[in-house]
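The chains referred to below are lettered A, B, ... by the order of the sequence lines, with proteins before strands, and numbering in each begins at 1.
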Protein chains: 2
Amino acid sequence: MSQLSEQPAGTSVPTSADVARLAGVSRATVSYVLNDNTSVRISEPTRRRVREAAADLGYVPHAAARSLRAGHTRMVLLPAARSPAGPLYQRFLTGLETGLRRLDYTVVQYGSAGMDADEAARAWAELRPVAVVSPGNIALTPYGTGVLTRSGAKAVITLGPQPVEGAHALVVDQREVGGAAVRHLLSRGRRGIGVVMPQEPGLAPFAEPRLAGAVRAVEESGADARVRPLPLRYEEESAADLAARWRTLGLDAVFAYDDEYAMLLMRALQDAGIGVPAETAVIGADDLMLGRLLRPRLSSVTMELATAQSPAEMIDRLVQSPGGAPERHYPLRATVVARESS
Amino acid sequence: MSQLSEQPAGTSVPTSADVARLAGVSRATVSYVLNDNTSVRISEPTRRRVREAAADLGYVPHAAARSLRAGHTRMVLLPAARSPAGPLYQRFLTGLETGLRRLDYTVVQYGSAGMDADEAARAWAELRPVAVVSPGNIALTPYGTGVLTRSGAKAVITLGPQPVEGAHALVVDQREVGGAAVRHLLSRGRRGIGVVMPQEPGLAPFAEPRLAGAVRAVEESGADARVRPLPLRYEEESAADLAARWRTLGLDAVFAYDDEYAMLLMRALQDAGIGVPAETAVIGADDLMLGRLLRPRLSSVTMELATAQSPAEMIDRLVQSPGGAPERHYPLRATVVARESS
DNA sequence: TTGAAAGCGCTACCAC
DNA sequence: GTGGTAGCGCTTTCAA
């Protein structure tokens, strides 16, 4: 058994008072030393004694007590995304976390499985986060933002396809994705354009605006073209059904929602003897590696978040000067990577 | 402006004292009512007055204050997995979260980007979680588990490929995956077996044991076969290089680490004119949908966690009766799904 | 340079 | 039935 005891039932977790006792100083001094408080001068020997005592005891400050005393936390809460943590969101998350950590925030993802929106908002509020960044597929109601701001959150930010009343928004406008895809297909001379609508739950908030953007792009182009939504489940059978009906649909192109659905559909089309791109052009989205491995190589819409400030800096700014009118940012850039399938 | 004010600078967040004042009762009564404390009888009119006051003010209890008073939290902390949130881990996570929430725990993922292991453990300990479940690719040292248990964590559980001293472990023994793949290939009469070793950072803790399992499976089979590790980056170029050298390697099969690497490599082999499975058999792992869409259809090793108790129940049990010897569970079942590529 | 003490919001013990 | 109040661990003002 090591010298650091496993607290066998009786022993309790060390507090700053324990450190003070062991170092032979007061709790105030402990606090000064461990927080490197500059507004007070502590002699070097004392500092060392305190640090050693803290290390010996394995002392770790109690975040709850600290923030209770401080009257606020530095916690940024991210409701954990429900369904598909796509590569874009994954990158966003990593960047945000590192950025915020650098600014000395604590980043916490809160899983809210099986709560309704307002219930979840109250659960988040109990932690008194200084900011909440809510991904698009998590419901955040105006009531929810109210609860959060009233509980002390200085910034409530949504990432969804649509803004939420009362909250700042990084509007990831999915219409751009559909628009870019369709403009590309039109420029290739395609006029009968299918748009895959995934039937998986949770994808509708992304799929609907992509379709809307596709429709709008056709309208704006003035071309004599049409857009047709194509419901599809992420299963081979569903894709085979669609492919079997394909020639009755009179389409010569399809925007397949994303690369994974594109792969599914393209495979089904090819198996049904429909030439890609000869007879039907296919384009996906996300520019996954897998698209480059298909034959024909899959065209895709890439997305990136182009914000003036980094999201972390934006949050920091909103936290430091709260109370401004809700901001709306539209940072999504959609670009087509044309390969062989379109 | 709605009746629920946005706390314009001056107003502060409502406390139970505010609720008490508005309801004309004491803070104690507020606490009794809002927590449905049964050991004390409160009249129905009073209950209603309190609830109404709380709702009017938008009162949300302060988790930090509550747990400070209680002396413990019900927070289960999961260090956020760094790199690849594979489908297996994704499912595990969702199940764990719902299970724990049902048992009234608060589940929180803590992003520890860019901290070293011990630093991270201290950061987690500040939140005084009652349990910590650490995924495999997050480093957890014996020192780290010490810090956590000493700070009051009743259960520290690792999910990694290897157990950690002092912590309970759900050992996801990756060797099984390599073993299953290789036994399958041997049964197909293959004798020169390559094992892809991804060069991406963070995958080594998974890749190494898979290789080890592959080697052991060959030894145990007594077959006159050999295993050869094949470094590969997840890039077309790297795969093309490997494919160009393929015939010099004298291999007739490859376990490609997972389905994505398998797809990459299979494509490169085919492009280099190497027949799959005629000349070389290929098998991946994870049984992704994409494998079924390839031609030939990709064989794969599926994994599932088969635990006696659900992980949530296991955590609850460990929390309720702490202090037992570290448990080791080996819940990984690896099964081969043989398709056309092997 | 250090220490004593107040008080953050909450719950639970004990009086009334 | 309801209220007063101590005290969880921490920081910070004020005194010494």
Side-chain angles (χ1 to χ4, degrees), chain A residues 12-50 53-54 57-75 106 122 125-128 130 150-152, chain B residues 12-51 53-54 57-75 125-130 150-152:
Chain A
S12 125
V13 348
T15 72
S16 75
D18 296 320
V19 177
R21 196 157 27 240
L22 182 57
V25 300
S26 75
R27 284 153 68 227
T29 307
V30 171
S31 176
Y32 293 142
V33 171
L34 296 184
N35 295 314
D36 287 322
N37 188 324
T38 48
S39 76
V40 71
R41 295 246 154 276
I42 307 277
S43 71
E44 197 47 51
T46 306
R47 305 189 94 87
R48 205 175 37 245
R49 281 217 316 287
V50 169
L57 292 172
Y59 169 73
V60 175
H62 192 307
R66 173 177 288 176
S67 61
L68 186 58
R69 163 69 219 217
H72 61 260
T73 69
R74 283 187 73 79
M75 175 187 294
T106 295
R122 279 191 297 271
E126 292 192 3
L127 298 180
R128 298 289 192 270
V130 70
R150 229 168 315 114
S151 80
Chain B
S12 119
V13 347
T15 73
S16 75
D18 296 320
V19 178
R21 197 159 23 243
L22 182 57
V25 299
S26 77
R27 281 152 71 228
T29 306
V30 171
S31 175
Y32 293 142
V33 171
L34 295 184
N35 294 315
D36 286 323
N37 188 324
T38 49
S39 76
V40 72
R41 296 248 154 275
I42 307 278
S43 70
E44 198 46 52
T46 307
R47 304 188 95 87
R48 206 176 35 247
R49 282 217 315 287
V50 169
R51 285 194 217 285
L57 291 172
Y59 169 72
V60 175
H62 193 306
R66 174 177 287 175
S67 61
L68 185 59
R69 164 69 220 220
H72 60 260
T73 69
R74 283 188 73 80
M75 175 187 295
E126 292 192 1
L127 298 180
R128 297 290 190 270
V130 70
R150 231 168 312 114
S151 79

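Residues A:T46 and A:T29 share a closest heavy-atom pair of CG2-CG2, 3.9 Å. The heavy-atom pair separating B:G58 from B:P14 by the smallest distance is O-CG, 4.1 Å. Heavy atoms only, all atoms of each residue included: A:V33 and A:R47 are closest at CG1-O, 3.9 Å.
At its two ends the helix from C:dT1-D:dA16 to C:dC16-D:dG1 runs along axes set 50° apart, each axis drawn from five pairs and the angle rounded to 10°.
A:S151 places no side-chain N or O within donor-acceptor distance of the main-chain N or O of A:R128, the cut-off being under 3.5 Å. Using modelled atom types, one side-chain atom of A:D18 and one backbone atom of A:T15 make a donor-acceptor pair closer than 3.5 Å. Checking side-chain atoms of A:R66 against main-chain N and O of A:P61 turns up no donor-acceptor pair under 3.5 Å. A donor-acceptor pair under 3.5 Å is absent between the side-chain atoms of A:S67 and the main chain of A:A70, judged by distance alone. Counting only distance, with no hydrogens or angles, the side chain of B:R27 and the backbone of B:A17 share no donor-acceptor pair below 3.5 Å.
B:R51 has a carboxylate O that lies under 4.0 Å from a charged side-chain N of B:D36, or vice versa, which qualifies the two as a salt bridge.
Distances shown here put a side-chain N or O of A:S16 below 4.0 Å from the OP1 or OP2 atom of D:dC10. Regarding contacts with the backbone of C:dC8, every side-chain N or O of B:T15 stays at 4.0 angstrom or more from both OP1 and OP2.
Remark: C1' of C:dG9 and CD of A:E126 are 13 Å apart, rounded to the nearest angstrom. What separates CD of B:E44 from P of D:dT2 is a distance of 11 Å, to the nearest Å. Look at CZ on B:R47: it is 11 Å from P on D:dG1, rounded to the nearest Å. Rounded to a whole Å, the CG atom of B:N37 is 13 Å from the C1' atom of D:dT2.
Of the residues in residues 62-72 of chain A, those with a non-hydrogen atom less than 4.0 angstrom from any atom of DNA chain D are A:H62, A:A65, A:R66, A:R69. Using a 4.0 Å cut-off on heavy atoms, the residues of residues 21-36 of chain B that approach DNA chain C are B:R27, B:A28, B:S31, B:Y32, B:N35, listed by number.
Atom CZ of A:R48 sits about 6.5 Å away from atom CD of A:E44, to the nearest 0.5 Å. A distance of 6.0 Å separates CG in B:L127 from CE in A:M75, rounded to the nearest 0.5 Å.
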